[in-house]
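Structure first, then comments.
Worth knowing before you read on, the calculation uses all heavy atoms, side chains too, and leaves out hydrogens, waters and symmetry mates. We number each residue from 1, following the sequence as shown. What you see is a predicted model, and the numbers here were worked out from it, not measured in a lab.
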Amino acid sequence: MRRLREIAGRTPTQRERYVDLLRAVAITLVVLGHWLIAVLDNDDAGRLRGHNALEDITWARPGTWLFQVMPLFFLVGGYANAASLENHRRRGGDAGGWLTGRSGRLIRPTTVLLVLLALAALGARLLGAGPTQVREVVWYATVPLWFLSAYLCVVLLTPVTYALHQRYGLAVPVVLLGLLTLGDLARLLGESRLGYGNFLFGWLAMHQVGFAWRTGSLPMRPRVGWPLLVAGLTALLLLTLVGPYPTSMINQPGQRIQNMSPPSLALLALATAQLGLIMLLRAPAERWLHRTRPWTLVVAVNSVVLTIFLWHLTAVILLAGALDALGALPTPQVGSTAWWLWRIPWWIMLAVVLALLVAVFGRIELRGSRRPAGRPRALPAALCRTLARPLPRLLVVVLGFAAAVVGLFSNNVAPKSGDYLLGLPTGALVAYLFGAGLLRLLRSVPAAGPD
């Protein structure tokens, strides 16, 4: 705590602390939401299984409007990426150098998670576990990685999209919203493939709004917040209660169109309402964050925010597995009074398990946020000179990002069950590790010129 207070005390006065608070609140809501809807019981053969409570409690699906905060991650990501890119360029750095440094905190903790899951899956298989059961457990643990695949794409495009923002401002998210609307129309007409672009258009739109917040082209004031809040809520109600969109802001089986994957117009309406609410709360939140204790807590959460996100479903697997092995896993009927009351000790125990995981793996995220000491002598001198030049460096970093995204996305879309020796599609794991290795290599070779 002393170290955290020291870090909090060194915060520059011009820092927008509200951005950090929003990130901390968003991760908290994501974790609590996933823990709330997780249902663990046993099948007819006595094996542990899990599913989504909203499949049974359909009346609770509008409750996802409170917990669906993924747009906030891209909003604050846009603000943070714009600030980071500006500072990097002010020091004389280029796009390749910025992308190389930015990848460290994202890639390193993710690599540790995937490698440990693969080793655990291999061990389980060697001990006699069935391939389907192993795959289902690994699939569940890697559900958070869909977000990272999308976010890596957005980060990779930041030097280009930020340049577009500097030239065209808020016209860029307006165009992206139009493209997303066309994609939704195609999906509603049965042409789902034409809506795949929404995976990028939706998240990029929120990321661009984050740019606008950073540069001041979007006034973060209550007089702007009220219209956005009212318009967003009105559109959301019309699109879901009158229009063709489901009320659930997370994917549910059997829906004609999904709101989450890819992002839909209804999800962007919710994001608009959230943006309005953010504007209304900004001034009092900033005053509160200038107090030592609240700001220290926010700093603490943000220092391990990716670790919390990556491991919070693994905590569910570990706790449920332990309780099931002890014969102490309650299985009340979903939606019953007993089930809702069980959520309270369930959350408390999961918080303890996650805290232990963060204590072990959080330091990896902290190390990944700093560029490791360069060791160019471990590589051929000619290769170091080549990788230090701006254009080759940029090409390799793009290849690294692309391979990592392909690997993560391939695992996301692979079947939930299957015979995978490591619990993950081999090609997906190889592609990701190849991309992660390239990015790690670049971080060990200093860029030419000022950085």
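Rounding to the nearest 0.5 angstrom, the gap separating the CG atom in Leu72 from the CG atom in Leu270 is 8.5 Å. One finds the CH2 atom of Trp139 at 14.0 Å from the OG1 atom of Thr132 (value rounded to the nearest 0.5 Å). Taken to the nearest 0.5 Å, the OG1 atom of Thr158 stands 11.0 Å off from the CG atom of Leu164. To the nearest 0.5 Å, atom CG of residue Leu323 and atom CG of residue Leu48 are 9.5 Å apart. Of the inter-residue distances, the one linking Leu297 atom CG with Asn302 atom CG reads 9.5 Å to the nearest 0.5 angstrom. Atom CZ in Arg105 sits 13.0 Å away from atom CD1 in Ile364 (nearest 0.5 Å).
Relative orientation of the Tyr151 and Phe147 rings is parallel, given thresholds of 30° and 60° on the angle between their planes. The aromatic rings of Phe409 and Phe199 stand perpendicular to each other, their planes meeting at an angle above 60°, with 30° marking the opposite boundary.
Nearest approach of Val304 to Gly362, heavy atoms of both residues: CG1-CA, 3.8 Å. Of all the heavy atoms in Pro71 and Ala271, the pair that sits closest is CB-CB, 3.6 Å. Across all their heavy atoms, Ala403 and Phe434 have their closest contact at CB-CD2, 3.8 Å. Across all non-hydrogen atoms, the minimal contact from Leu204 to Thr161 is CD2-CG2, 4.1 Å. Taking both residues in full, the closest heavy atoms of Ala118 and Leu424 are given as CB-CD1, 4.4 Å, listed atom of the first, atom of the second, then distance. The heavy-atom pair separating Leu439 from Thr100 by the smallest distance is O-CG2, 4.4 Å.
In this structure, the side chains of Ile308 and Phe361 stay at 4.5 Å or more apart for every pair of heavy atoms. Residues Val69 and Val30 have side chains in contact (heavy-atom distance under 4.5 Å, counting atoms from C-beta outward). Between Phe67 and Leu36, the closest side-chain pair of non-hydrogen atoms falls below 4.5 Å. Pro159 is listed as a side-chain neighbour of Arg89, based on a closest heavy-atom distance under 4.5 Å. Counting only heavy atoms from C-beta outward, the side chains of Val299 and Thr296 never approach each other to under 4.5 Å. You'll find the side chain of Pro263 stays beyond 4.5 Å of the side chain of Met206, heavy atoms only. Looking only at side-chain heavy atoms (C-beta outward), Leu114 and Leu408 come within less than 4.5 Å of each other. Residues Leu180 and Leu268 are in side-chain contact: their nearest non-hydrogen atoms beyond the backbone lie under 4.5 Å apart.
Looking at Asn81, its side chain never comes within 3.5 Å of a backbone N or O of Val155 through a donor-acceptor pair. Between the Arg256 side chain and the Pro244 main chain, no donor and acceptor come within less than 3.5 Å of each other. Between the side chain of Arg125 and the backbone N or O of Tyr420 there is at least one donor-acceptor pair closer than 3.5 Å. Side-chain atoms of Gln68 come within 3.5 Å of backbone atoms of Met70 as a donor-acceptor pair (strictly under, hydrogens ignored). Checking side-chain atoms of Ser410 against main-chain N and O of Ala428 turns up no donor-acceptor pair under 3.5 Å. Judged by distance alone, the side chain of Tyr18 and the main-chain N or O of Ile278 form a donor-acceptor pair under 3.5 Å. One N or O on the side chain of Trp346 and one on the backbone of Trp35 form a donor-acceptor pair closer than 3.5 Å. Without hydrogens or angle criteria, His34 side chain to Leu313 main chain gives no donor-acceptor distance under 3.5 Å. Looking at Asp324, its side chain never comes within 3.5 Å of a backbone N or O of Ala320 through a donor-acceptor pair. In this structure, Arg393 contributes its side chain and Leu442 its backbone to a donor-acceptor pair below 3.5 Å.
Residues Arg17 and Asp20 are not paired through a salt bridge, judged by the lack of any N-O separation under 4.0 Å between the basic side chain and the carboxylate.
For the side chain to side chain donor-acceptor pair (under 3.5 Å) test, residues two or more places apart in sequence or in another chain that qualify with Glu16 are Arg282.
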*asked:* For a side chain to side chain contact (heavy atoms under 4.5 Å, CB included) check, start with the C-alpha distance between Leu122 and Leu126, then their side-chain angles and the critical distance, and finish with the verdict.
replied: CA-CA 6 Å; Leu122 178 60; Leu126 293 176; 4.2 Å; yes

**Asked** Are Thr215 and Glu86 close enough, and set up right, to give a side chain to side chain contact (heavy atoms under 4.5 Å, CB included), and what steps lead you there?
**Response** CA-CA 10 Å; Thr215 60; Glu86 288 172 355; 4.2 Å; yes

Practice item. Determine, step by step, whether Gln252 and Asn52 satisfy the side chain to side chain contact (heavy atoms under 4.5 Å, CB included) criterion, reporting the C-alpha distance in whole Å, the side-chain angles of both residues, the deciding distance to 0.1 Å, and the verdict. Key: CA-CA 9 Å; Gln252 299 293 333; Asn52 184 341; 3.4 Å; yes

Query - Stepwise side chain to side chain contact (heavy atoms under 4.5 Å, CB included) check, Val316 with Tyr140 - result: CA-CA 10 Å; Val316 174; Tyr140 185 71; 4.0 Å; yes

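In this model, a donor atom of one side chain and an acceptor atom of the other lie less than 3.5 Å apart for Trp98 and Ser84. Defined by atom type and a distance below 3.5 Å, a donor-acceptor pair is present between the side-chain atoms of Asp184 and Tyr245.
Considering Thr240, Asn259, Asn198, Thr181 in turn, Asn259 is the only one that fulfils the side chain to side chain donor-acceptor pair (under 3.5 Å) rule with Ser264. The side chain to side chain donor-acceptor pair (under 3.5 Å) with Thr307 is formed by just one residue from the set Glu365, His312, Arg363; it is Glu365.
Few gaps surround CZ on Arg49; more than 12 heavy atoms of other groups in view lie less than 6.0 Å from it.
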